[in-house]
Amino acid sequence: MKVASWNVNSLNVRMPHLEQWLRAFAPDIVGLQETKLEDHKFPDSTLAALGYRSVFSGQKTYNGVAILSREAPRDVLVGVPGFEHEHRRAISATIGDLRVVNLYVVNGQDVGTDKYELKLAWLAAVRTWLEQEAREHPRLVVLGDFNIAPDERDVHDPAVWNETHILTSAAERAALRDLLALGLHDGYRLLHDEGGVFSWWDYRMAAFRRNLGLRIDLTLVSEALRGQVVAAGIDREPRTWERPSDHAPAWIELGA
DNA sequence: ATGGTGGCCACGCCA
């Protein structure tokens, strides 16, 4: 069972890449972020023809999340309970015996800005909500674009990406630790210790070619799933294709 | 220290 997370940066533009990648990688469950599509424009029939069910919550121009799955999704929840706003950044569903939460975490722009404060407030609301979600669903996967690099192995230049920088700041990393303290584990780090493996590269400065990236796309698993993570990685292939998303799919494989 | 690229949409906002 392969479970993946991919920030597609406009599904309208990236649909050919998504189709190609679904055929090649054959994931069972995928969380998408930055679909940037209103719900009436979501390509659910095209995805159904490829063998995937879709649930989605989108808006024009910004944000937008979806979960694709081979099996039918149940108990779909849109948004973060207790944090009402217009951004479409969260969608959850039960698929088989897994509860899947897909998050597009607020970027935060720069430390100290209003958007940064929004990010921290949003993450605090997510933590409060997931505490309940984890209690109700022992087999929980929380995946998405976290817009936080967990530690220095996850950034190409720790001197720049430090405790005062957006995506790596002390408060952001503390917020991520608070989520992990709910009994969640970074699936990739259960199996890999090395640094220099990234999921996002800026479009500018030939960052991908030079591997100037960050690992900010994560798949967290609950304690009950910890021993079932048999493989994990980031598929750099779609980032090499023409007109790519700036993110690559991050995935884990769950065994029996 | 600044600006580089990309998506959306039609000019600046967001990342």
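Note that the coordinates shown come from a computational prediction; the quantities given were computed from them, not determined experimentally. Every chain is numbered from 1, with letters handed out A, B, ... down the list of sequences.
Distance, A/Tyr104 OH to B/dC14 P: 11 Å, rounded to whole Å. In this structure, A/Glu86 atom CD and B/dC13 atom C1' are separated by 14 Å, rounded to whole Å. Rounded to whole Å, the distance from OH on A/Tyr62 to P on B/dC8 is 11 Å. Per the geometry, CG belonging to A/Asn7 stands 16 Å off P belonging to B/dG6, to the nearest Å. Look at NZ on A/Lys36: it is 15 Å from P on B/dC13, rounded to the nearest Å. Regarding A/His17, its NE2 atom lies at a distance of 10 Å from the P atom of B/dG7, rounded to whole Å. In this structure, the CD atom of A/Glu172 is 12 Å from the P atom of B/dA15, given to the nearest Å. Regarding A/Arg204, its CZ atom lies at a distance of 12 Å from the P atom of B/dG3, rounded to whole Å.
Of the C1' atoms belonging to B/dG12 and B/dA1, the separation is 23 Å, rounded to the nearest Å. Taking atom P in both B/dG6 and B/dT2, the straight-line distance is 23 Å, to the nearest Å.
Position along DNA chain B of the nearest nucleotide to A/Thr61 versus A/His87 favours A/Thr61 as the more 5'-ward residue. Between A/Lys115 and A/Asn12, the one whose closest nucleotide on DNA chain B sits nearer the 5' end is A/Asn12.
The side chain of A/Tyr203 lies closest to B/dG6 when the candidates are B/dG4, B/dG6, B/dA15.
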Worked check of side-chain contact (heavy atoms from CB on, under 4.5 Å) between A/Thr61 and A/Lys36 = CA-CA 5 Å; A/Thr61 310; A/Lys36 301 184 179 179; 6.0 Å; no

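Nucleotide B/dA15 is matched to B/dT5 when pairs are restricted to Watson-Crick or G-U wobble geometry with both distances under 3.5 angstrom. Using the Watson-Crick or G-U wobble rule with both distances under 3.5 Å, B/dA10 pairs with nothing in any strand shown.
A/Asp217 and A/Trp6 form no side-chain donor-acceptor contact under 3.5 Å, judged by distance and modelled atom types alone.
Listed for the A/His192 side chain is no donor-acceptor partner under 3.5 Å among the backbone atoms of A/Gly187.
A/Arg89 comes within 4.0 angstrom of the backbone, heavy atoms only, and of no base.
Ion pairing between A/Asp154 and A/Arg189 holds under the 4.0 Å rule for side-chain N and carboxylate O. Between A/Asp186 and A/Arg215, at least one side-chain nitrogen of the basic residue sits less than 4.0 Å from a carboxylate oxygen of the acidic one, meeting the salt-bridge criterion.
For the OP1/OP2 pair of B/dT5 and a distance below 4.0 Å, the side-chain nitrogens and oxygens of A/Arg243 include no atom meeting the criterion.
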